[in-house]
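First the structure, which I've put down as structure tokens, then a few questions once you've had a look.
Computation of the quantities below employed the complete heavy-atom set of this structure, encompassing side-chain atoms and omitting hydrogens, waters and symmetry-equivalent molecules.
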Amino acid sequence: MKKVVLITGSSSGIGASVAELLSKDYEVILHYNKGKDRVNNLKEKIAKETNSIPLVVQCDLSKEEEIDKMLDEVYQKYPRIDILINNAGIAIDTTFEDKTKENYKKILDINLIAPFLLSKKIGPKMKENKYGVIINISSTNGIDTPYIESIDYDASKAGLISLSKNLANYFAPYVRVNTICPGWVNTEMNKNLDSDFISKEENKILLGRFANPREVANLVEFLISDKANYINDSIIRIDGGIKC
């Protein structure tokens with residue numbers, strides 16, 4: 001049987017690109033919360049291209065009971081999950097003065113606590129099977145490109161890097177855990193950015209443009225493959241290079 005991959009946040013952006021790319025060689029599980037039409041369109045596209053119908057699961061990742069329900073549904077079809085890609089993420093950009101505890105916590109629930117819970121529930125079975133890969137999609141915002149409007153998002157992505165390091169140590173030697181840190185990517189999350197702001201940010205990038213989601217997906221594909229068997233506990237930037 002093909003290796004089974006659970007991709008959170010599969011309805012659009014990086015998650016959708018990862019799912020489409022991997023569907024040729026893996027059994028992909030498409031997770032979504034609210035993008036039902038988009039994820040169903042992706043399901044149909046994958047089915048036509050691969051003659052295999054991917055499993056679609058709905059879950060609000062901020063609720064542990066829904067995560068448990070989602071995993072029960074997955075295990076009804078598959079005996080195991082070989083690869084976990086914690087891709088789902090949200091941002092609520094506002095002025096610093098308008099930040100609230102409620103929104104800060106909402107960001108952490110999706111961007112940091114959900115990956116912790118999923119890894120905690122799936123990782124031990126990977127270790128028991130003596131095989132597993134966890135990829136956490138963080139951001140350069142969690143390293144060295146902070147924005148005060150995204151102080152909550154940035155903190156969640158920094159925390160995700162720390163979580164990855166701890167997981168890599170805990171699940172060694174059988175489960176590889178790596179972190180991907182994209183810079184700007186042309187996704188729905190960034191669709192409402194002001195054109196002047198985009199031009200300013202593109203000017204900071206050596207390649208002079210935002211990434212395409214498929215370019216991040218290509219990195220995911222490599223890191224979960226056997227070609228990357230000796231890459232573990234690593235933080236990989238994919239940001240086009242930043243001007244000095």
Side-chain angles (χ1 to χ4, degrees), residues 1-11 14-16 18-19 22-23 26-36 39 43 54-90 105-139 142 155-180 220 223-225 228 231-235:
M1 188 179 79
K2 294 179 180 179
K3 290 185 174 68
V4 179
V5 186
L6 171 60
I7 308 159
T8 65
S10 301
S11 62
I14 294 172
V18 169
L22 299 187
S23 63
Y26 299 84
E27 293 285 345
V28 296
I29 302 166
L30 310 177
H31 157 266
Y32 77 102
N33 184 22
K34 296 180 179 179
K36 184 176 181 179
V39 80
K43 174 184 175 181
L55 176 64
V56 174
V57 289
Q58 191 276 335
C59 173
D60 180 346
L61 293 174
S62 69
K63 299 176 181 178
E64 185 172 4
E65 63 274 16
E66 290 201 21
I67 292 176
D68 289 335
K69 182 179 178 182
M70 174 182 72
L71 293 180
D72 286 343
E73 185 176 350
V74 169
Y75 289 129
Q76 286 177 17
K77 181 172 182 179
Y78 299 108
R80 66 185 187 277
I81 296 170
D82 300 294
I83 299 163
L84 168 63
I85 301 173
N86 286 310
N87 166 75
I90 62 171
K105 187 176 183 302
K106 184 176 182 180
I107 296 290
L108 294 178
D109 280 340
I110 300 298
N111 295 6
L112 181 57
I113 297 176
F116 157 72
L117 289 173
L118 285 164
S119 300
K120 182 174 184 289
K121 295 171 188 294
I122 297 171
K125 293 184 179 181
M126 291 178 169
K127 193 170 185 178
E128 182 181 334
N129 293 332
K130 296 186 178 181
Y131 178 85
V133 180
I134 298 174
I135 301 292
N136 289 322
I137 307 297
S138 180
S139 169
S156 71
K157 293 303 186 178
L160 192 55
I161 293 171
S162 177
L163 175 66
S164 296
K165 178 167 287 292
N166 278 283
L167 293 176
N169 279 269
Y170 182 75
F171 289 129
Y174 299 115
V175 181
R176 294 190 297 110
V177 185
N178 289 298
T179 311
I180 293 176
V220 173
L223 287 175
I224 69 173
S225 74
I231 300 177
N232 190 30
D233 190 23
S234 293
I235 303 167

Between Met1 and Pro79, is any pair of side-chain heavy atoms under 4.5 Å apart?
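In contact.
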
Please answer whether the main-chain N or O of Thr8 pairs with a side-chain N or O of Asn87 as donor and acceptor at a distance below 3.5 Å.
yes

As a test of understanding, state which of Val5, Leu84, Val4 forms a side chain to side chain contact (heavy atoms under 4.5 Å, CB included) with Ile29.
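Passing option: Val4.
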
Validation row: Val175, Tyr131 side chains within 4.5 angstrom (heavy atoms):
no

Report yes or no: does Asn178 contribute a side-chain atom to a donor-acceptor pair with the main-chain N or O of Asp233 at less than 3.5 Å?
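Judged by distance alone, yes, a pair lies under 3.5 Å.
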
For Asn166, enumerate each residue passing the side chain to side chain contact (heavy atoms under 4.5 Å, CB included) test, keeping only those at least two apart in sequence or located in another chain.
Ser162

Run the side chain to side chain contact (heavy atoms under 4.5 Å, CB included) check on Lys105 and Asp109 step by step: do they pass?
CA-CA 6 Å; Lys105 187 176 183 302; Asp109 280 340; 3.2 Å; yes

Is the backbone N or O of Met126 less than 3.5 Å from a side-chain atom of Arg80, with the two atoms forming a donor-acceptor pair by type?
no

Can you tell me if NZ on Lys2 sees more than 12 non-hydrogen neighbours from other groups inside 6.0 Å?
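For Lys2, atom NZ is crowded (more than 12 foreign heavy atoms under 6.0 Å).
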
For Lys165, I'd like to know if atom NZ has over 12 heavy atoms of other residues, nucleotides or ligands within 6.0 Å.
no

Partner set under side-chain hydrogen bond (donor to acceptor under 3.5 Å, both in side chains) for Lys127, not counting sequence neighbours:
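Once residues adjacent in sequence are excluded, Lys127 has no partner under the side-chain hydrogen bond (donor to acceptor under 3.5 Å, both in side chains) criterion.
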
If I take atom NZ from residue Lys3 and atom OH from residue Tyr78, how far apart are they, to the nearest 0.5 angstrom?
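Output value for this atom pair is 14.5 Å.
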
Side chain to side chain contact (heavy atoms under 4.5 Å, CB included) involving Ser138 - partner list, sequence neighbours excluded
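For Ser138 the side chain to side chain contact (heavy atoms under 4.5 Å, CB included) partners, ignoring immediate neighbours, are Lys157, Leu160, Ile161, Thr179, Cys181.
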
Test item: side-chain donor near acceptor, Asn111 and Ser156, under 3.5 Å:
yes

Does the side chain to side chain contact (heavy atoms under 4.5 Å, CB included) test come out yes or no for Ile85 and Leu6, once each step is laid out?
CA-CA 6 Å; Ile85 301 173; Leu6 171 60; over 6 Å; no

Looking only at heavy atoms, which two atoms of Ser164 and Val177 are closest? And how far apart?
O-CG1, 3.6 Å

Using modelled atom types only, decide if a donor and an acceptor are shared between the side chain of His31 and the backbone of Gly9 within a distance under 3.5 Å.
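Pair found, side chain donor or acceptor close to backbone of Gly9.
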
What heavy-atom pair brings Ser11 and Ala16 nearest, and what distance separates the two atoms?
C-CB, 4.1 Å

Any residue meeting side chain to side chain contact (heavy atoms under 4.5 Å, CB included) with Asn33, in chain and number order, not counting sequence neighbours:
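By the side chain to side chain contact (heavy atoms under 4.5 Å, CB included) rule, Asn33 matches Gln58, Asp60.
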
Got a list of side-chain donor-acceptor pairs under 3.5 Å for residues 113-125, not counting sequence neighbours?
from	atom 1	to	atom 2	distance (Å)
Ser119	OG	Pro115	O	2.7
Lys121	NZ	Glu64	OE2	3.0
Lys121	NZ	Asp68	OD1	2.8

Please check: side-chain N/O of Arg176 versus main-chain N/O of Ile135, any donor-acceptor pairing under 3.5 Å?
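Side chain of Arg176 to backbone of Ile135, a donor-acceptor pair under 3.5 Å: no, none is there.
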
Is NZ or CZ of Lys43 both nearer than 6.0 Å to the six-membered ring centre of Tyr32 and within 45° of the ring axis?
no

Surrounding OH of Tyr170 (heavy atoms of other residues, nucleotides or ligands, distance under 6.0 Å), is the total greater than 12?
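Open.
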
Let's go through Ile137 and Val220 carefully: what are the C-alpha distance in whole Å and the side-chain angles of both, what is the deciding distance for side chain to side chain contact (heavy atoms under 4.5 Å, CB included) to 0.1 Å, and is it a yes or a no?
CA-CA 9 Å; Ile137 307 297; Val220 173; 4.2 Å; yes

Taking side chain as C-beta onward, heavy atoms only, is Tyr26 less than 4.5 Å from Asp82?
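Counting from C-beta outward, Tyr26 and Asp82 never come under 4.5 Å.
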
Rounded to the nearest 0.5 Å, what's the gap from CD1 on Ile224 to CD1 on Ile134? Could you check?
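Between Ile224 CD1 and Ile134 CD1, I get 13.0 Å after rounding to 0.5 Å.
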
Over 12 non-hydrogen atoms of neighbours within 6.0 angstrom of OH in Tyr174
no

Which residues pass the side chain to side chain contact (heavy atoms under 4.5 Å, CB included) test with Lys106, not counting sequence neighbours?
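Partners of Lys106 under the side chain to side chain contact (heavy atoms under 4.5 Å, CB included) test: Ile90, Ile92.
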
Run the side chain to side chain contact (heavy atoms under 4.5 Å, CB included) check on Val28 and Leu55 step by step: do they pass?
CA-CA 7 Å; Val28 296; Leu55 176 64; over 6 Å; no

Rounded to the nearest 0.5 Å, what's the gap from OG on Ser62 to CG on Leu108? Could you check?
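Output value for this atom pair is 12.0 Å.
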
With no hydrogens and no angle check, is any side-chain donor or acceptor of Ser225 less than 3.5 Å from a backbone partner on Leu223?
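No: the side chain of Ser225 does not pair with the backbone of Leu223.
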
